[in-house]
**Student:** 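My structure is below; once you've seen it, I'll send some questions.
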Amino acid sequence: MTVITRFPPSPTGMMHIGNARTALFNYLYARHNDGKFVIRIEDTDRARHSDEAVDVIIDSLNWLGLDFDNTPTSQYANKDRHIEVAQELLTEGKAYKCYCSPEELQEMRDSMKSEGRIVAYNNKWRDKNDSDAPADTPYVIRIKSPLDGHSVVPDSVQGDVKVENKQLDDMIILRSDGTPTYMLAVVVDDYDMGISHVIRGDDHLNNTFRQNVIYDAMGWDKPTYAHLPMILGDGGGKLSKRHGAVSVDEFKQAGYLPEAVNNYLLRLGWGHGDDEIISIEQAIKLFDFKGITKSAAKFDYTKLESLNAHYIVEADNQRLLDLLTPFLKSEIDVELNETTASRLLNGMNGIKERAKTLVQLAHEARLYCTDITEYDDKAQKQLNTDSAIIFKGLLENLKTLSDFNHDPLEALCRDTATALADDKLGKVMMPLRAALTGTDKSPALFEAMEVLGKDETLIRIQNAIDFIEKS
Ligand code: GLU
């Protein structure tokens with residue numbers, strides 16, 4: 001059997017991180033089994049539909065690197081086929097026309113509620129003949145659900161899940177305006193697309209029992225189901241905006257790398273021993289239903305951040321530079337030129353260890369891509385008449401240094417400390433850090449000087465002297 005999994009998002013204008021995990025698991029299961037992973041846009045809500053909302057989903061999948069094997073299909077475009085199936089069920093007596101008005105249905109529900117019964121359609125039109133039909137009255141088509149016994153969904157994550165058939169009333173498959181319902185459309189599309197495995201959130205488990213009524217009525221083989229536990233926020237409720245970023249795009253904007261997001265989402269609902277760092281390639285090799293956790297998991301932003309820090313260190317520097325470019329603009333208002341780009345590339349190893357997100361990395365990158373003429377409060381504390389004397393000594397020594405590399409730079413700073421700062425290296429390095437970076441924190445300074453190069457280092461020291469002399 002060819003494994004075909006699907007991701008059928010409703011385009012809402014954003015891709016929730018929970019949906020991204022569903023997409024990831026479908027992708028991994030398909031790739032693990034040399035199968036196919038297909039996309040279907042569930043766009044039947046025409047009032048809210050927009051092409052931009054579809055683009056958001058495709059962009060999110062592309063950013064995560066979850067490549068799919070079809071041109072995304074539109075559920076709405078398949079409407080005639082859904083109607084055809086409803087008609088077929090009607091013709092075969094497996095579905096029927098129901099002429100109840102909305103008011104009548106409301107009365108039915110109210111009286112059931114007041115009698116303490118399960119609120120359900122009372123099957124009024126289930127066994128009536130066409131001759132009973134009122135003239136010129138709109139009708140819906142309902143499918144006949146089993147009246148007694150129970151149904152079982154053999155779920156690959158939850159095991160056998162059972163429900164009393166009494167709870168499944170005769171649901172509507174075609175509305176009175178002739179449009180198919182979501183329940184019908186999903187089943188028909190899944191069947192027509194040859195979906196072998198339906199992997200989705202366990203909030204759909206109730207739907208599965210209802211959808212299976214349609215499979216049975218059509219005599220179609222059901223897919224294998226795997227219902228994934230929910231992702232929760234801190235307090236235990238659904239993960240929402242108040243917890244932080246929730247959409248794929250928000251995580252991207254917050255400076256996360258796609259491989260970190262994928263790794264985190266994978267671990268948030270699937271495990272392989274104690275492995276924490278799992279690349280997508282390894283995940284494809286290892287992914288199975290056995291590893292899926294049965295209970296809901298809490299989204300832990302700190303854990304995601306530490307995975308992101310790991311992947312930033314692992315990332316190729318040129319790629320990081322490319323990813324960083326928009327963040328340099330938005331965070332520190334810098335556009336790179338040839339000099340600053342190559343400097344930043346050379347300094348990347350030193351700064352990437354200090355950043356957990358691309359936002360932080362942009363701030364770390366400042367020392368390599370802006371002029372330093374302004375100093376924060378902490379830096380200013382280091383800039384005084386004593387340090388001006390040290391700076392002047394340093395300038396003299398540095399000018400004559402031909403080998404502008406880590407070890408000779410260190411030796412030179414030590415000599416300067418011996419001559420001008422009671423042999424205390426810190427008394428040279430702290431003001432020097434302030435002069436070179438404009439602040440009190442930086443990557444290892446000799447390495448930074450090497451990356452800045454002689455000319456830029458001398459300029460920055462001179463700027464600091466000018467600043468001291470002016471103030
Ligand atoms: N369109 C549904 C959603 O976005 C998915 C339904 C399904 O997986 O069957 O939740």
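Whatever order the structure lists them in is the order used to number ligands and atoms, beginning at 1. All residue numbers refer to positions in the sequence shown, counting from 1. Quick note: numbers below take in every heavy atom, side chains included, and nothing from hydrogens, waters or symmetry partners.
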**Student:** Please check if any side-chain donor atom of Asn19 sits under 3.5 Å from a side-chain acceptor atom of His16, or the reverse.
**Tutor:** no

**Student:** Which of the numbered atoms in ligand 1 are below 4.0 angstrom from a heavy atom of Arg200?
**Tutor:** 7 (C), 8 (O), 9 (O)

**Student:** When you compare ligand 1 with Pro8, is there at least one nitrogen or oxygen pair between them that comes in under 3.5 angstrom?
**Tutor:** yes

**Student:** For Leu436 and Arg460, work out which heavy atoms get closest and say how close.
**Tutor:** O-NH1, 2.8 Å

**Student:** Under 4.0 Å from any heavy atom of Ser10, which atoms of ligand 1 are there?
**Tutor:** 1 (N), 2 (C), 3 (C), 4 (O)

**Student:** Which residue owns the protein heavy atom closest to atom 10 (O) of ligand 1, what's the atom, and how far is it?
**Tutor:** His204 NE2, 3.1 Å

**Student:** Determine whether the side chains of Ser442 and Arg354 contain a donor N or O and an acceptor N or O closer than 3.5 Å.
**Tutor:** no

**Student:** If we set the cut-off at 4.0 Å for heavy atoms, which region of Phe7 has an atom near ligand 1: side chain, backbone, both, or neither?
**Tutor:** neither

**Student:** Should you measure from each heavy atom of Arg6, which atoms of ligand 1 turn up under 4.0 Å away?
**Tutor:** 7 (C), 8 (O), 9 (O)

**Student:** What I want to check is whether the side chains of Asp189 and Gln75 have a donor and an acceptor closer together than 3.5 Å.
**Tutor:** yes

**Student:** Number the atoms of ligand 1 from 1 as they appear, then name those within less than 4.0 Å of a heavy atom of Tyr182, with their elements.
**Tutor:** 2 (C), 5 (C), 6 (C), 7 (C), 9 (O)

**Student:** Salt bridge or not between Arg319 and Glu259? Use side-chain N to carboxylate O under 4.0 Å.
**Tutor:** yes

**Student:** Taking atom types as modelled, find out whether Asp155 and His227 have a side-chain donor-acceptor pair closer than 3.5 angstrom.
**Tutor:** yes

**Student:** If you take the nearest heavy atom of each of Glu42, Met15, Arg40, His227, which one is closest to atom 1 (N) of ligand 1?
**Tutor:** Glu42

